[in-house]
Engineer: 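Before anything else, here's the structure in question.
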Amino acid sequence: MTDMSVVDEIYRLNRERRKDSMERARGVRSMVSEISRINSRGKIGIIVEFKRRSPSGFSLARDTKPYQYLSNMRNERVVGYSVLTEERYFGGSFRDLQECQGLGKPLLAKDFIATVDMIDAEYSAGADVILLIADFLPDARIRELVSHAHSDGMEVLLEFHEISRIPSVRSAGADMVGYNRRDLRTMSMDPHEGEVVSRLLDMDCPVVLESGISSSNLSSSILDGFNAILVGTSLLNGDDLFSALEAVGI
Ligand SMILES: O=C(O)c1ccccc1NCC(=O)[C@H](O)[C@H](O)COP(=O)(O)O
């Protein structure tokens, strides 16, 4: 199966996925507000991600529950948590998200959302933010899904990798924009942070850098212009990214 078919397959699975309504335990929290809080202190925010595995080869060495892992990620820079709810390729679930509602920070439901019923399912499981991926959704569908998420009071992180999607990303009305360094069609890390920042710098919403970030490649140059970073693998592998960020002074 090609990598593109992996993502297409995930979207197909999600269209057919059972979506039971769950018990949302609390009102919606703002990740945008959390990012503004830490940026006002001159620091970049971190969205800490939990996943059990991923198509590019990550696999969690131990049987850790998301609440157990994320509750230990206490640092002023943490602006929220990203919880994979995709089952087949990431080992996640709506239940995982629901169990993290008591963590005290906004929750990003990390999945491949292309329908209104997926948004409703993530909302009922306790999501504060949903992810939409501009590389895989037509503009009209993006606008429809952004509007629906907003009707639930949730924020939207609109992610892209393809530079050609920037005009659509800029006009979609999302609350945050994410640049994924990973090409989800090829799984390769093919970053263009500099070009991306130059074309998004004037946006009046937070811009998030995602994927492949660790203390070994951390530098103010790749992070310059971004309001937050989304980090999964390196932190799950025990990387002390918080200290590395302090050392770089951003
Ligand atoms: O990570 C993958 O293998 C992957 C494959 C196909 C679609 C999405 C994928 N990852 C989702 C993500 O964007 C990352 O989990 C997230 O940006 C964190 O990246 P990392 O810090 O490198 O784990």
Side-chain angles (χ1 to χ4, degrees), residues 1-14 31 44-61 64 66 69-70 73 77-93 96-97 100 107-114 118 122 129-137 156-162 165 169 174 176-193 196 206-218 222-223 226-242 244-245:
M1 180 182 287
T2 64
D3 292 324
M4 180 193 289
S5 62
V6 165
V7 178
D8 292 338
E9 171 67 358
I10 293 174
Y11 277 113
R12 184 191 67 78
L13 291 170
N14 276 344
M31 189 174 282
I44 197 168
I46 301 182
I47 303 168
V48 180
E49 179 163 282
F50 177 86
K51 54 188 172 186
R52 292 184 177 82
R53 57 181 182 271
S54 75
S56 57
F58 172 76
S59 181
L60 201 54
T64 305
Y69 168 74
L70 295 173
M73 285 289 165
R77 292 174 181 275
V78 176
V79 296
Y81 304 111
S82 169
V83 180
L84 265 293
T85 60
E86 198 282 328
E87 296 173 334
R88 174 80 62 83
Y89 290 92
F90 291 86
S93 66
D96 278 344
L97 183 66
C100 290
L107 299 178
L108 166 63
K110 200 70 173 318
D111 211 319
F112 300 77
I113 296 172
M118 268 297 285
E122 302 287 13
V129 187
I130 59 133
L131 175 77
L132 297 177
I133 306 175
D135 297 14
F136 294 93
L137 296 170
V156 177
L157 170 60
L158 179 56
E159 168 188 306
F160 72 99
H161 175 78
E162 296 292 335
R165 297 297 286 141
V169 165
M176 294 168 279
V177 167
Y179 172 59
N180 199 325
R181 302 170 78 239
R182 179 177 287 113
D183 182 335
L184 304 191
R185 297 186 190 284
T186 65
M187 301 305 154
S188 64
M189 207 62 75
D190 177 25
H192 301 282
E193 295 92 347
V196 164
V207 183
V208 182
L209 183 64
E210 307 170 18
S211 292
I213 301 169
S214 69
S215 53
S216 62
N217 67 4
L218 201 66
I222 76 159
L223 299 183
F226 290 96
N227 302 96
I229 53 177
L230 191 153
V231 182
T233 301
S234 61
L235 284 170
L236 283 160
N237 285 335
D239 187 14
D240 185 5
L241 197 63
F242 299 112
L245 284 167

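All figures in this text were calculated on a predicted structure; none of them were measured in a lab. Atoms within a ligand are numbered from 1 in the order they appear, just like the ligands themselves.
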Engineer: State whether the shortest distance between N or O atoms of Glu159 and N or O atoms of ligand 1 falls below 3.5 angstrom.
Structural biologist: no
Engineer: Assess whether a salt bridge exists between Glu49 and Lys51, defined as any Lys/Arg side-chain N lying under 4.0 Å from an Asp/Glu carboxylate O.
Structural biologist: yes
Engineer: Are any side-chain N or O atoms of Glu159 and backbone N or O atoms of His161, one a donor and one an acceptor, separated by less than 3.5 Å?
Structural biologist: no
Engineer: Can any side-chain N or O of Arg77 pair as donor or acceptor with the backbone N or O of Ala228 at less than 3.5 Å?
Structural biologist: no
Engineer: Pick one of side chain, backbone, both or neither for how Asn180 approaches ligand 1, counting any non-hydrogen atom pair under 4.0 Å.
Structural biologist: side chain
Engineer: Without swapping roles, check the side chain of Asp239 against the backbone of Ser215 for a donor-acceptor pair under 3.5 Å.
Structural biologist: yes
Engineer: Could you tell me if any non-hydrogen atom of Gly212 lies under 4.0 Å from any atom of ligand 1?
Structural biologist: yes
Engineer: Within the structure, is a non-hydrogen atom of Ile213 found at a distance of less than 4.0 Å from ligand 1?
Structural biologist: no
Engineer: Give a yes or no answer on whether the side chain of Glu9 reaches the backbone of Arg12 with a donor-acceptor pair at less than 3.5 Å.
Structural biologist: no
Engineer: Would you mind listing which atoms of ligand 1 come within a distance below 4.0 Å of any non-hydrogen atom of Met187?
Structural biologist: 5 (C), 6 (C)
Engineer: Under the side-chain contact (heavy atoms from CB on, under 4.5 Å) test against Ile213, which residue among Ile229, Ile46, Thr233 passes?
Structural biologist: Ile229
Engineer: Among all protein heavy atoms, pick out the one at the shortest distance from atom 2 (C) of ligand 1; state its residue, atom name and that distance to 0.1 Å.
Structural biologist: Ser56 OG, 3.4 Å
Engineer: Inspect the contact between Arg181 and Glu210 and indicate whether a charged nitrogen and a carboxylate oxygen are less than 4.0 angstrom apart.
Structural biologist: no
Engineer: Run the contact test for Phe90 against ligand 1 with a 4.0 Å cut-off on heavy atoms, strictly below, and give the result.
Structural biologist: yes
Engineer: Could you tell me which atoms of ligand 1, counted from 1 in the order shown, lie closer than 4.0 angstrom to a heavy atom of Leu230?
Structural biologist: 16 (C), 17 (O), 18 (C)
Engineer: Could you tell me whether a side-chain N or O of Arg182 sits under 3.5 Å from a main-chain N or O of Ser56, the two making a donor and an acceptor?
Structural biologist: no
Engineer: Side chain or backbone of Phe136 under 4.0 Å from ligand 1, or both, or neither, by non-hydrogen atoms?
Structural biologist: neither
Engineer: Under 4.0 Å from ligand 1, counting heavy atoms only, is it the side chain of Phe50, its backbone, both or neither?
Structural biologist: neither
Engineer: Select the closest option to atom 12 (C) of ligand 1 among Glu210, Arg185, Lys110, judged by heavy-atom distance.
Structural biologist: Lys110
Engineer: Please write down residue, atom name and distance for the protein heavy atom closest to atom 1 (O) of ligand 1.
Structural biologist: Arg182 NH1, 3.1 Å
Engineer: Number the atoms of ligand 1 from 1 as they appear, then name those within less than 4.0 Å of a heavy atom of Val231, with their elements.
Structural biologist: 21 (O)
Engineer: Among all protein non-hydrogen atoms, which one is nearest to atom 14 (C) of ligand 1, and what is the separation to 0.1 Å?
Structural biologist: Glu49 OE2, 3.5 Å
Engineer: Heavy atom to atom 23 (O) of ligand 1, shortest distance: which of Thr233, Ile47, Asp239, Asp183 holds it?
Structural biologist: Thr233
Engineer: Does a side-chain heavy-atom distance below 4.5 Å link Phe58 with Asn237?
Structural biologist: yes
Engineer: Of all the atoms in ligand 1, which lie at a distance below 4.0 Å from a heavy atom belonging to Gly232?
Structural biologist: 18 (C), 20 (P), 21 (O), 23 (O)
Engineer: Do Asp111 side-chain atoms and Leu131 backbone N/O form a donor-acceptor pair below 3.5 Å?
Structural biologist: no
Engineer: Report the nearest protein non-hydrogen atom to atom 17 (O) of ligand 1: residue, atom name, distance rounded to 0.1 Å.
Structural biologist: Ser211 OG, 2.6 Å
Engineer: Is there a donor-acceptor contact under 3.5 Å from the side chain of Asp183 to the main chain of Asp190?
Structural biologist: no
Engineer: Going by the order shown, which atoms of ligand 1 are within less than 4.0 Å of some heavy atom of Lys51?
Structural biologist: 1 (O), 14 (C), 15 (O), 18 (C), 19 (O), 20 (P), 23 (O)
Engineer: Checking the side chain of Glu87 only, and the main-chain atoms of Gly91 only, is there a donor and an acceptor separated by less than 3.5 Å?
Structural biologist: no
Engineer: Looking at ligand 1, does Phe112 have a heavy atom less than 4.0 Å from it?
Structural biologist: yes
